[in-house]
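Given the structure is predicted, the values throughout are model-derived calculations rather than measurements. Order of appearance sets the numbers: ligands from 1, and atoms from 1 within every ligand. Below, all heavy atoms of this structure are taken into account, side chains as well, without hydrogens, waters or symmetry copies. For this chain, numbers begin at 1 and follow the sequence in order.
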Amino acid sequence: MMAAKIVVVGSFNMDLTAYMERLPRPGETVGGRLFVTGPGGKGSNQAVAAARLGAEVTFIGRVGQDVFAESALNTWRQEGINTNYVIRDPQHATGVAPIWVDDSGENSIVVVLGANLAMQQSDVDAAAAVIANADVLICQLEINYDIVEYALKVAKQKGIRTILNPAPAGKIAAEVLALADYLTPNETELEALSGMGGAVEPAARSLLTRDDQTVVVTVGAQGAQWVNKTGTKLLPPFPVNVVDTTGAGDAFSGGFAVALAEGKSLEEAITFANATAGLCVTRPGTAPSMPTRAEVEALLKTR
Ligand code: RIB
């Protein structure tokens, strides 16, 4: 099989993760057990996930000229990700993300996005030929919003399939939502986008702007639910031992992108993505916790 060609337009953050028994309340100091720095950022995590699953991945984004940028570039090189369209911004620092993870695997994250928010249309234009040749282009919301819109527009003009992982949670104009063939929010992001709490289906349905669009909502321990014009279905997760849920959404979106690019059906792609996310949460960290193709195939065979 030809390798799936995935273009990620997105963020890199250096994750600064502290592990502790329970998260501190405001004003409280708690003792941590372990502190780890590692490559993260939703865009980069999705790129690493896709690369480990066997895709040919190009990353379009910005880092600074600091030591964290070196770490980003080393990570992408090690993972075989094309870095030809990564800009080293002279004026902004590489993004960082202080993260807290408790003993149940739950997390709280602060992102200081720095260079990620300095992207220009010319960053995307430079990669026009690679985008035109891609199977799927995927964006998240940790870069400047105008570039999310621009990148999706460029991909649609070239007839390329698009995924928007609307994370972290925020509002998105209907005309930008319409540029995504697939939206992959979690429940918090779904609520922010739709303004509707409660049941997943009506909230997800309210985001559909085209007949051929699909929303796939990740619902944590329940798995993932697709909603489109033809109906809806919740697909269960794989039972795993949860250690750290950070990056699970990125593993899901990266896996989903690869599976769609390989021509899998919607439900096959969601099951593949559930397996990718399931393996990710069994390990600490974000990009380093992304599974290989062989691990995902082995987990799929257990069902
Ligand atoms: O989705 C997890 C990611 O969110 C982390 O890697 C962190 O950098 C933030 O972007």
Item checked: Atom indices of ligand 1, in the order listed, that fall short of 4.0 Å to a heavy atom of Ala97 -> 7 (C), 8 (O)
Margin query: Give the atom numbers and elements of ligand 1 that come within less than 4.0 Å of a heavy atom of Asn13.
Written below: 8 (O), 9 (C), 10 (O)
Notebook entry, point to check: Does any N or O in the side chain of Thr302 come within less than 3.5 Å of the main-chain N or O of Ala298, such that one atom is a donor and the other an acceptor?
Noted result: no
Item checked: Gly41 to ligand 1, any heavy atom closer than 4.0 Å -> yes
Next item on the list: Please report the C-alpha distance between Glu262 and Arg293 in whole Å, then the side-chain angles of each, then the deciding distance to 0.1 Å, and finally whether the salt bridge (charged side-chain N to carboxylate O under 4.0 Å, His left out) criterion is met.
Entry: CA-CA 13 Å; Glu262 289 179 356; Arg293 180 72 183 224; 2.7 Å; yes
Check: Any ion pair linking Arg88 and Glu70 (charged N to carboxylate O, less than 4.0 Å)?
Finding: yes
Item checked: Heteroatom proximity flag, Thr246 to ligand 1, N/O under 3.5 Å -> no
Next item on the list: Do me a favour and list the nearest non-hydrogen protein atom to atom 4 (O) of ligand 1 with residue, atom name and distance?
Entry: Lys42 NZ, 3.1 Å
Next item on the list: For atom 2 (C) of ligand 1, grab the closest protein heavy atom and report residue, atom and distance to one decimal in Å.
Entry: Asp250 OD2, 3.3 Å
Notebook entry, point to check: Which atoms of ligand 1 sit under 4.0 Å from any heavy atom of Val111?
Noted result: 9 (C), 10 (O)
Notebook entry, point to check: Between the candidates Val112, Val110, Asn45, which shows the shortest non-hydrogen contact distance to atom 3 (C) of ligand 1?
Noted result: Asn45
Next item on the list: For the pair Thr162 (side chain) and Asp181 (backbone), establish whether a donor and an acceptor sit closer than 3.5 Å, ignoring hydrogens and angles.
Entry: yes
Item checked: Arg52 side chain vs Met290 backbone, donor-acceptor pair below 3.5 Å -> yes
Margin query: If you count heavy atoms of other groups shown closer than 6.0 angstrom to CZ of Arg25, is the number above 12?
Written below: no
Next item on the list: Using the ring of Phe238 (Phe, Tyr or Trp, six-membered ring only), decide whether Arg303 places NZ or CZ under 6.0 Å from its centre and within 45 degrees of its axis.
Entry: yes
Next item on the list: Measure the distance from atom 5 (C) of ligand 1 to every protein heavy atom, then report the residue, atom name and distance (to 0.1 Å) of the closest one.
Entry: Asp15 OD2, 3.4 Å
Notebook entry, point to check: Which atoms of ligand 1 have any heavy atom of Glu142 under 4.0 Å away?
Noted result: 4 (O), 9 (C), 10 (O)
